[in-house]
Amino acid sequence: PNYISVSKLANLLNCRIETLIKDLTKLGFANISHNYILSREYVELILQEYNYVLPASQAAITSKNIYDGLKAPANPKFLQRRPPVVTIMGHVDHGKTTIIDYLRKSSVVSGEHGGITQHIGAFQIVTPVSKKSITFLDTPGHAAFLKMRERGANITDIIVLVVSIEDSVMPQTLEAIKHIKNSGNELIVAITKIDTIKRPKDREKAIERVTNDLISQDIPVEKIGGDVQVIPISAKTGENMDLFEESIILLSDIMDVRAENSLKTLVEGWVLESQVRKTVGNVATVLVKRGTLQKGKILLCGNTYCRVKLMVDDLGKDVIKAEPAQVVEVRGWKDLVRAGDEVIQTVSESVAKKYINRRIALQAVEKDAVTVENLNEQRREEAE
Ligand code: GDP
Ligand code: MG
């Protein structure tokens, strides 16, 4: 049943109980006290009649935010530079996968390992000139990303928009531009496939055309005094790829991307992917956003936890420690976690278990309860 007490409703609405009782009395309710129970229908009526604004999130502890209690605010003293996290977007066939393949291959060749890459949804490269790291996520269309975005988590720092020199701006380019503007991410444009136009004059003209098309979409490119770099590249021949990689470093230097990282920092991260691997068990790809992940640490996620047994990178190689912006496959989960969920370190297994039990109890109560969230959800549905 969907019932709520007057005091709890006042709490949710962030108003004084006395004010709410006065309003209810005006609506015809009699003998109302703080523990008077209202049904959902009445709650709706009250909200409509008095235009109460539901706060975006409730102050009360819920199953969704219970783990926030484990997070300490970032200590500015321990903020360290970290690699930028980059996603690539653009129209189909404009060269996203080819760029990723090029970058992966060059990072594999430069490493000592054989080169069989395991798909973990992300990888890190070291740039050829400045020798700095960049993390590329290669599944930006993934449901997990939508979920993280819904939670207000913007896990990427920079979006690379690819535009083919042959086709210029296309429908999905426009969609990507819309997303970039909404997300507030920093932007770099890569004009791809420049090897397809050999004559320098023709190539220059084609680049000019793409640049002008971007300007018509209000992209503040450097040509018109803006700060969006436009890099013509070919991921096929490798032309300008070093310039492209360094342009990302240049931008991240300006952005000064940082994360808290000290011996005492409790790890936080996001699950990008999860699966059951044969002979290995439950694994989760985790993007570390804070702290340093190491074997033996206890991680809490959803309704389960893990004592980190092993961490491997996209080459299947053991990883001793994963720092902010690094992505590793974490092994040792009791149960399968869900992509898009947040990962938080606890000081012990018993703390993790305690929080999980409290969360499960909250989830049982919330199933039928009137909350700001499900009221907002209902309002959204009705508005549609
Ligand atoms: P995606 O859909 O954005 O991932 O595009 P792909 O990377 O799969 O590329 C689509 C097609 O364009 C493939 O046939 C690629 O070989 C080709 N392609 C991608 N990049 C280049 C490039 O720099 N030069 C040339 N000539 N072809 C390219
Ligand atoms: Mg592709």
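All values below were derived from every heavy atom in this structure, side-chain atoms included, with hydrogens, water molecules and symmetry-related copies excluded. Just so you know, ligand 1 is whichever comes first in the structure, and atom 1 is the first atom listed for that ligand.
- Distances from the Mg ion (ligand 2) under 2.8 Å pick out these protein N/O/S atoms: T97 OG1.
- For ligand 1, the protein residues placed under 4.0 Å by at least one non-hydrogen atom are H91, V92, D93, H94, G95, K96, T97, T98, K193, D195, T196, S234, A235, K236.
- Partner of E239 under the salt bridge (charged side-chain N to carboxylate O under 4.0 Å, His left out) criterion, chosen from R203, K193, K198: R203.
- Under the 30°/60° scheme for interplanar angles, the aromatic rings of Y36 and F29 are found to stand perpendicular.
- The existence of a salt bridge linking D23 and K26 is confirmed by a sub-4.0 Å separation between a basic side-chain nitrogen and an acidic carboxylate oxygen.
- In this structure, a donor-acceptor pair under 3.5 Å is present between the side chains of N261 and T292.
- When atom types are taken as modelled, the side chain of K236 and the backbone of I194 share no donor-acceptor pair closer than 3.5 angstrom.
- A donor-acceptor pair under 3.5 Å is absent between the side-chain atoms of H94 and the main chain of V163, judged by distance alone.
- Of the possible donor and acceptor atoms, one in the side chain of T62 sits under 3.5 Å from a partner among the backbone N and O of K64.
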Before giving the answer on side chain to side chain donor-acceptor pair (under 3.5 Å), spell out for S168 and D213 the whole-Å C-alpha distance, their side-chain angles and the decisive distance to 0.1 Å. CA-CA 7 Å; S168 192; D213 285 351; 2.6 Å; yes
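- For E342 and K289, the salt-bridge test passes: some basic side-chain N is under 4.0 Å from an acidic carboxylate O.
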